[in-house]
Amino acid sequence: MTAADSPGVGLTTAAARVIMGSGTEPVGRADQIAHRLGRAIRLGLILDGERLPSEIQLAEQLGIANVTLREALATLREQGLVLTRRGRAGGTFVRAPLDADPGALPARVAALSTQHIRELADHRTAIATTVADLAAQRSLPDEVDDLLRQVERLRAARTPSERRRADTQFTILLASAAQSSRLTTEAIRLLAEIGDLLWLRLSPAEHDAAVRVRFRLVDAVGKRQRARAREAAEHLVAADTRRLLALGQDDASGGRWSVRAGREVLATVSAEFERIIAALRPLADRFAAIEAPNRERLAALREPIFHILAENRDLVAGAGAIVAPGLLTDADHWLEWWWTRPSGTPEALRVNLDPTAPDFFEYPAAEWYRTPERTLAGHVAGPYVDYACTTEYATTVALAVRAGERFLGIVAADVPVSRLERRVLPALRELGRPVALTNAAGRVIASSRADCLPGQLLPLDELTPIALRGPDSVLDWCLVELPG
């Protein structure tokens, strides 16, 4: 019997468990099944060109209804991840789009910002180094032998799909050697986010280097050298990250760097934020016009808030009004804040505003509130992790609201760094030199060089920044040419 004739080819029990998750997640919806099957294809758990079991067999193996599976497969066909052939030799076959059509690579990479890649690398490093450390403490000789065999399979793999499968199995085996089912699940979930990209456009030298670092990691695990195992795991993720960044961003080179050109770019960036400030002004006027404000009367602000979210959806993820403590007649603290769901519909932000509670959202202490309160002007704060709302890495554009000399609070909008980066990068690259846009503290917001990522701190006192400050700008940001 050939692989194509085998009824269960392409979906082992282990693969099915990866697809279906740990068993603690809700399952059964067609879109969830489509997402998880797609994840298995991108990881190489099901190879490009392999035929899936029949719908009846596959539905039974996944423990779902036939109609649910049919809907999921229809979604995967629309995404180009499977195709169906009729006839005696027909069936549903896996199609890894990037393997079959390298032209699809730019669109796939464009969906990832460098800020997203950096955060994914941070997360993977935390998991991978912990796994390596625990494996060095807990693994048995047979488990180390299994790891060595898997690295040998990776060495022999030639196609991107084969390499993905070998690397995925290596990741699973390593986490298993750490004796942690939770770490195994998390390592696979993280790898799945970029699993279809890591082994594309790989030169023979890069493939050899990837194999060597895994051999070094296994050697350290086998010798119970915990520090060396952690170092190798960190090196592995760093190499993956460099390759991923290289797919989506060419380093700037050539061109003429000048103060004038840099200021023009900063002016372009500033214009994006001035557009948001302009959108916030009608909201501020409506807020200032409310007499004897209370929570019910603040509901009148929802219409302009929804308008801001709809008209600026390319940049803004959340917006609203935040009230000065003691202003309302029926609440000491309050905010009328809304954010946009993935579906596009607004949802109210819910936070604890009880000052006696341990999770009190103490917004008067936040920079994005304090600075406009002090200056009574517009301000751009961040970037920072917006843990209270979107949990994204974001900046906040804030505008003070006054009635005469009385400070009423602020109106503001959150701009995720990933969205801002996509708007700013083309202008940075036009400068023709490696440059970075930072806030006044030197924290990187966007950069034209792949190894300078959002969130990184640059020593501005050792560089020569071009600053954009003054009464006509809400920004207090810098543009610096990167050395080397």
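Numbers here are sequence positions counted from 1. These numbers come from the heavy atoms of this one structure, side chains and all, not from hydrogens, waters or symmetry mates.
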Side chain proximity check, [X] to [Y], heavy atoms < 4.5 angstrom:
| X | Y | value |
| --- | --- | --- |
| T125 | T241 | no |
| L244 | D240 | no |
| V397 | W368 | no |
| L428 | S447 | no |
| P465 | L479 | no |
| D414 | V316 | no |
| I466 | V480 | no |

Side-chain (Q456) to main-chain (L453) donor-acceptor, under 3.5 angstrom: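 At least one qualifying donor-acceptor pair exists.
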
Donor-acceptor pair, side chain of R124 and main chain of V237, under 3.5 angstrom: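 Side chain of R124 to backbone of V237, a donor-acceptor pair under 3.5 Å: no, none is there.
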
Full working for side chain to side chain contact (heavy atoms under 4.5 Å, CB included) between H207 and R158: CA-CA 9 Å; H207 181 225; R158 290 294 173 260; 3.7 Å; yes

All salt bridge (Lys or Arg N to Asp or Glu O under 4.0 Å) counterparts of R226, not counting sequence neighbours: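 D133.
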
Side chain to side chain donor-acceptor pair (under 3.5 Å) partners for D142, two or more places apart: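 Expected list: none.
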
Ion pair D219/R228, N-O distance below 4.0 Å: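 Answer for the salt bridge query: yes.
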
Salt-bridge present (D208, R155; N to O < 4.0 Å):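 Judged by the 4.0 Å cut-off on N to carboxylate O distance, D208 and R155 do not form a salt bridge.
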
Within 45° cone and under 6.0 Å: R118 NZ/CZ vs Y393 ring: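 Yes.
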
Test: R243 cationic atom under 6.0 Å from W199 six-membered ring centre, within 45° of axis: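 That pair qualifies as a cation-pi contact.
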
For [X] versus [Y], what's the shortest heavy-atom pair and its separation?
| X | Y | result |
| --- | --- | --- |
| L460 | A441 | CD1-C, 4.2 Å |
| G262 | L431 | N-CD2, 4.1 Å |
| A135 | R224 | O-NH1, 4.4 Å |
| A450 | L245 | O-CD1, 3.1 Å |
| C452 | A436 | SG-CB, 4.1 Å |

Donor-acceptor pair between [X] and [Y] side chains, under 3.5 angstrom:
| X | Y | value |
| --- | --- | --- |
| Q32 | R29 | no |
| Y384 | T395 | no |
| S54 | Q57 | yes |
| Q179 | E143 | yes |
| R153 | Q150 | yes |

Ring center gap for F360 and H333 short of 6.0 angstrom: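 Yes, close enough.
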
Aromatic centroids of W477 and F273 separated by under 6.0 Å: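 So the answer is yes for these two rings.
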
Side chain to side chain contact (heavy atoms under 4.5 Å, CB included) assessment of E392 paired with H116: CA-CA 9 Å; E392 293 189 72; H116 175 84; over 6 Å; no

Verdict with supporting geometry, W338 and L349, side chain to side chain contact (heavy atoms under 4.5 Å, CB included): CA-CA 5 Å; W338 293 75; L349 175 66; over 6 Å; no

Straight-line distance of T159 OG1 to R165 CZ, nearest 0.5 Å: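 Interatomic distance, T159 OG1 to R165 CZ, rounded to 0.5 Å: 10.0 Å.
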
Criterion side chain to side chain contact (heavy atoms under 4.5 Å, CB included) on R214 and L236, from CA distance to verdict: CA-CA 7 Å; R214 285 161 177 80; L236 186 156; 3.6 Å; yes

